[in-house]
Amino acid sequence: MSKVALSTALMEAAKTWQKIKEGSSIDGALGQIKGEIKPAVQSLVYAVARRRVLTQWILKKLASKPPKPLLSSLLEVAFAQAVLSEKKPFTVVDQTVRAVKKDPSLANAANFANAVLRKFLREQEALVAEAMKNDEVKFNAPAWWIKKYRLIFGKDADAVLSLQQKHPPLVLRVNRRRISPEDYLKKLEENGIKDALRVGQDGIVLFSPRPVSDIPGFLDGEVSIQDAGSQLAAQILNPSDGMVVLDACAAPGGKTGHLLEMADVDLTAIEKDPVRTKRIGENLGRLDLKAEVRVADVGDVASWNVEKKLFDRILLDAPCSASGISRRHPDIPWLKDLSDVKSLAKTQAYLLDKMWSILAKKGRLLYAVCSVMPEEGIDQIKEFAASHPDAKLVPFKGAPEGWIRLSPHEDAPDLEFIPWVRDGFFYALFEKI
Ligand SMILES: C[S@@+](CC[C@H](N)C(=O)[O-])C[C@H]1O[C@@H](n2cnc3c(N)ncnc32)[C@H](O)[C@@H]1O
């Protein structure tokens with residue numbers, strides 16, 4: 001049990017939430033919080049992020065004029081708790097009012113906060129029902145995002161948008177160098193973890209979340225955390241022993257590790273962010289795998305490829321809008337807009353062209369983005385194919401045309417190559433002819 005008072009955690013969460021509303025990412029804002037308060041703040045912040053539009057709608061409805069930004073954030077955090085949490089709503093109200101009283105910048109606001117929160121508790125059912133008639137509230141996304149999803153997914157759009165509201169399960173990738181997925185499932189059972197299921201080739205879904213230190217074999221490198229849709233990248237690229245492989249945008253190294261688990265390859269991992277690059281080393285260290293890891297702009301080929309290597313396999317997991325993973329990162333719909341999608345598409349086209357120049361003849365390049373936007377997916381590869389006559393799309397399991405757009409998805413469990421539970425991705429596999 002944490003010794004941190006709920007009022008303290010609520011205020012810290014409100015300050016963090018304020019930063020996120022001002023444009024920080026959830027990861028960035030939470031990264032600044034240290035110590036034993038962090039798990040509580042994290043849980044409060046994710047709860048309000050998953051009800052961002054609803055809580056702002058409620059506040060607008062209940063407050064005659066907009067409160068100070070910090071008080072607004074605190075009340076939104078409290079509404080999200082009262083709607084969602086197992087904590088008793090009156091405890092949330094009492095602790096929120098206590099947090100207001102303790103903060104000198106909110107002096108005199110305690111009566112107001114108390115009145116707004118108690119009104120919310122009295123009218124909660126009707127308020128939430130009314131709010132849910134609004135699509136932005138229902139799908140917790142801005143209007144442009146909903147419109148785009150409806151264009152992309154047609155009649156399935158509302159189901160995809162609804163799925164993105166649900167907590168994603170924890171998915172593990174089994175390190176086949178160390179243990180088979182079947183044996184790892186047995187190991188979970190022996191450790192009393194019974195709510196686990198296979199997904200895809202190497203994945204296991206854990207329905208009850210737990211810290212990594214409580215995941216059997218994690219610290220010894222038997223498993224890693226990686227969404228099942230993301231695990232497809234290494235599986236589609238399917239390297240074999242002896243190949244020269246490039247992981248072009250590598251941090252934090254999830255797919256780097258998977259490629260190395262699959263075959264004995266000579267792997268170069270390039271990442272431009274030095275802080276994120278450290279995580280590649282940590283991940284490979286835990287898995288006891290080796291690669292040449294370098295901090296560089298991968299597009300500036302001359303700066304890092306002094307030996308003028310040509311690669312047999314290239315994974316270009318390009319920077320993207322991340323629109324396919326908003327189920328895990330509920331801040332994503334507000335971090336980027338359509339103009340960002342367009343400028344990211346330009347960067348992706350540039351990187352594709354550069355990576356193509358260092359792919360060996362008969363070599364294969366997998367273009368990957370965790371996005372469902374056509375500008376970053378099908379439109380991107382059509383343009384690439386049109387301007388690169390030596391590029392041929394290669395069919396792979398589940399993708400007879402050599403590319404696949406995977407919507408975020410959760411269905412009945414099966415053992416197909418395309419995972420039954422997954423985030424959204426786009427993959428296209430090219431060969432140089
Ligand atoms: C989608 S993430 C990669 C995830 C990674 N492949 C994994 O599976 O763990 C994209 C990464 O590309 C990096 N990046 C973006 N532009 C880059 C560039 N020009 N050169 C190298 N890395 C770049 C970003 O910093 C980010 O870490």
Side-chain angles (χ1 to χ4, degrees), residues 25 27-28 31 171-173 175 200 202-203 223-237 239 245-262 267-287 289 291-305 311 313-326 328-329 332 335-336 340-341 343-358 365-373 376-377 380 406 422-428:
S25 67
D27 285 351
V171 184
L172 305 176
R173 180 188 82 233
N175 180 356
D202 301 326
V223 287
S224 300
I225 292 174
Q226 187 182 14
D227 168 70
S230 159
Q231 294 183 28
L232 282 174
Q235 291 158 355
I236 297 168
L237 198 58
V245 179
L246 174 66
D247 186 353
C249 289
K255 299 180 187 81
T256 322
H258 198 188
L259 288 164
L260 289 162
E261 285 166 10
M262 289 180 71
L267 192 144
T268 305
I270 306 285
E271 165 61 46
K272 76 169 182 189
D273 180 332
V275 178
R276 283 171 64 81
T277 304
K278 282 197 192 123
R279 293 184 53 202
I280 306 178
E282 288 160 13
N283 273 321
L284 295 187
R286 185 178 55 81
L287 296 168
L289 295 167
E292 187 184 338
V293 180
R294 311 206 23 191
V295 180
D297 174 349
V298 79
D300 184 5
V301 174
S303 75
W304 61 268
N305 191 12
F311 294 89
R313 294 286 182 270
I314 296 179
L315 169 61
L316 174 57
D317 191 11
C320 70
S321 65
S323 60
I325 56 171
S326 65
R328 273 172 217 288
H329 303 277
I332 280 174
L335 288 177
K336 304 258 183 335
D340 295 311
V341 172
S343 87
L344 282 159
K346 280 191 189 146
T347 306
Q348 293 150 5
Y350 167 78
L351 291 175
L352 255 171
D353 184 57
K354 290 287 175 185
M355 294 308 96
W356 195 249
S357 71
I358 49 172
L365 179 150
L366 181 70
Y367 171 72
V369 279
C370 54
S371 173
V372 294
M373 301 283 169
E376 302 177 276
Q380 180 72 267
L406 294 171
R422 58 174 192 252
D423 290 340
F425 283 87
F426 180 90
Y427 292 113

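Both ligands and their constituent atoms are indexed starting at 1 by order of listing. Side chains included, hydrogens not; waters and symmetry mates left out as well; all remaining heavy atoms used.
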Query raised in the report: Excluding sequence neighbours, so at least two apart, what forms ring-ring contact (aromatic ring centres under 6.0 Å, His included) with Tyr367?
Result: none
Query raised in the report: In Å, rounded to the nearest 0.5 Å, how long is the span from OG1 of Thr268 to CD of Glu292?
Result: 5.0 Å
Requested in this report: For Ala228 and Val171, work out which heavy atoms get closest and say how close.
Outcome: N-CG1, 3.8 Å
Can you produce the list of protein nitrogen or oxygen atoms under 3.5 Å from a nitrogen or oxygen of ligand 1, alongside each distance?
from     : atom 1 : to     : atom 2 : distance (Å)
ligand 1 : 6 (N)  : Cys249 : O      : 3.1
ligand 1 : 6 (N)  : Asp317 : OD2    : 2.7
ligand 1 : 8 (O)  : Lys255 : N      : 3.2
ligand 1 : 8 (O)  : Lys255 : NZ     : 3.0
ligand 1 : 9 (O)  : Pro252 : N      : 3.3
ligand 1 : 9 (O)  : Gly253 : N      : 3.2
ligand 1 : 9 (O)  : Gly254 : N      : 2.9
ligand 1 : 19 (N) : Asp297 : OD1    : 2.9
ligand 1 : 20 (N) : Val298 : N      : 2.9
ligand 1 : 22 (N) : Lys272 : N      : 3.1
ligand 1 : 25 (O) : Glu271 : OE2    : 2.6
ligand 1 : 27 (O) : Ala251 : O      : 3.4
ligand 1 : 27 (O) : Glu271 : OE1    : 2.7
ligand 1 : 27 (O) : Glu271 : OE2    : 3.2
ligand 1 : 27 (O) : Arg276 : NE     : 2.7
ligand 1 : 27 (O) : Arg276 : NH2    : 3.0

Query raised in the report: Is any NZ, NE, NH1 or NH2 atom of the basic residue among Arg328 and Asp227 found under 4.0 Å from an Asp or Glu carboxylate oxygen of the other?
Result: yes
Report summary line: On a heavy-atom basis, the closest approach of Ser371 and Glu376 is OG-OE1, 2.6 Å
Query - Note: Glu261-Arg173 ion pair, threshold 4.0 Å (strictly below) - result: yes
